[in-house]
Amino acid sequence: MTNYAYLRVSTVLQDTEKNKLEILKFANSHKLGNVEFIEEHITSKKHYKQRLIGQLLENIKQGDVLIVPELSRLARSVSQIFEIIDMSQQKGFTLYSLKENFCTSDKTITSIVTSTVFALVAQIERELISLRTKEALHAKQLNGLKLGRPQGKGKSKLDEHKDTIIKLLNCGVPKTVIAKQFKTSTVNLYKFLNNVA
């Protein structure tokens, strides 16, 4: 039996240490033994099969344990989360979600309802964030604010993130990762750095 813990964050600035401590505490209290952490920085927009969790679910065996901080970390939609829950039943591994206090080996109606509700809430929250972002951008356009990269020589959309970018570079974060974080190309990042040097 192997105990896995899957941690996904969408940006390099998010910290997983708190989640790791919570998972280790949970594993100790349930006498599960050692935990193997699978961690990745990737957007939730990607299907779970295109992420490390997809590879893990392909190779996970009967009797293994998978722990996640919350169900929304697993996949981007309710249907995908249900697919993973169903997979745990088919393959015979146990899935724990700490935030929802959920376990697939718990057959009670409470556990089933909990998984459904929290997965649905996570999806609705993502949709509301997307809607609010679109509405805010539309309102700015109506007020005459021009969207897109700043115009003029020497101006860059990275200007406002200068301090953060410098800190990331000093911490040894690769330029390719920084460029992806701020939704720009590596070439543009190099140009920006040459201008601020």
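Note that the structure is a prediction, hence the values are computed from the model and not measured.
- Between the side chain of D64 and the backbone N or O of T2, at least one donor-acceptor pair lies under 3.5 Å.
- Looking at V65 and V35, their side chains never come closer than 4.5 Å, going by heavy atoms from C-beta outward.
- At a threshold of 4.5 Å between non-hydrogen side-chain atoms, the residues L74 and Q80 do not count as touching.
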With a cut-off of 3.5 Å and sequence neighbours excluded, list every side-chain donor-acceptor pair involving residues 167-179.
unit_1, atom_1, unit_2, atom_2, d
N170, ND2, I166, O, 3.3

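- Between E40 atom CD and R73 atom CZ the span is 11.0 Å, to the nearest 0.5 Å.
- The shortest side-chain heavy-atom distance between D159 and F192 falls under the 4.5 Å cut-off.
- Side-chain contact between V68 and L98: absent, with no pair of heavy atoms (C-beta onward) separated by less than 4.5 Å.
- M1 and I23 fall within the same hydrophobic cluster, defined by Ile, Leu, Val, Met, Phe, Trp and Tyr side-chain heavy atoms under 4.5 Å apart, directly or through other members.
- Looking at every heavy atom in both residues, N3 comes nearest to N34 through ND2-O, 3.1 Å.
- Side chain of K191 to backbone of T186: no donor-acceptor contact under 3.5 angstrom is found.
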Might you work through the ring-ring contact (aromatic ring centres under 6.0 Å, His included) test for Y96 and F26, ending with a clear yes or no?
CA-CA 10 Å; Y96 289 101; F26 175 84; 5.0 Å; yes
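- Looking only at side-chain heavy atoms (C-beta outward), L7 and I38 stay at 4.5 Å or farther from each other.
- Contacts of E36 classified as salt bridge (Lys or Arg N to Asp or Glu O under 4.0 Å), with partners at least two apart in sequence or in another chain: none.
- Within 6.0 Å of atom NZ in K162, 12 or fewer heavy atoms from other residues, nucleotides or ligands are found, so the atom counts as exposed in its surroundings.
- Between the side chain of H47 and the backbone N or O of K49, at least one donor-acceptor pair lies under 3.5 Å.
- Residue F93 comes nearest to T104 through the heavy atom pair O-OG1, 3.8 Å, listed as atom of the first residue, atom of the second, then distance.
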Do F182 and T164 pass the side chain to side chain contact (heavy atoms under 4.5 Å, CB included) test, and can you show the C-alpha distance, the side-chain angles, and the key distance before you say yes or no?
CA-CA 10 Å; F182 293 102; T164 303; 4.0 Å; yes
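- Under the 4.5 Å side-chain heavy-atom criterion for ILVMFWY residues, no single connected hydrophobic cluster contains both F37 and Y4.
- Ion pairing of K20 with E17 is present here, as a side-chain N (NZ or NE/NH1/NH2) and a carboxylate O approach within less than 4.0 Å.
- No hydrogens or angles considered: a donor-acceptor pair under 3.5 Å links the side chains of Y6 and R51.
- For the atom pair S72 OG and R8 CZ, the distance stands at 7.0 Å (nearest 0.5 Å).
- Residue I84 holds its CD1 atom at 13.0 Å from CD of Q89, rounded to the nearest 0.5 Å.
- Under a hydrophobic clustering in which Ile, Leu, Val, Met, Phe, Trp and Tyr are joined whenever their side-chain heavy atoms come within less than 4.5 Å, directly or via other members, I85 and L57 fall into the same cluster.
- Atom CD of Q55 sits about 13.0 Å away from atom OH of Y48, to the nearest 0.5 Å.
- Pairing each heavy atom of I81 with each of L71, the nearest pair is CD1-O, 3.6 Å.
- Using a 4.5 Å cut-off on side-chain heavy atoms (C-beta onward), L189 and L193 make contact.
- With rounding to the nearest 0.5 Å, the separation of CD in Q62 from CD in Q90 is 11.5 Å.
- With a 4.5 Å cut-off on side-chain heavy atoms, L66 and T94 do not count as touching.
- Of the possible polar contacts, none joining the N101 side chain to the S97 backbone as a donor-acceptor pair under 3.5 Å is found.
- Interatomic distance, CG of L52 versus NE2 of H41, reported as 11.5 Å (0.5 Å rounding).
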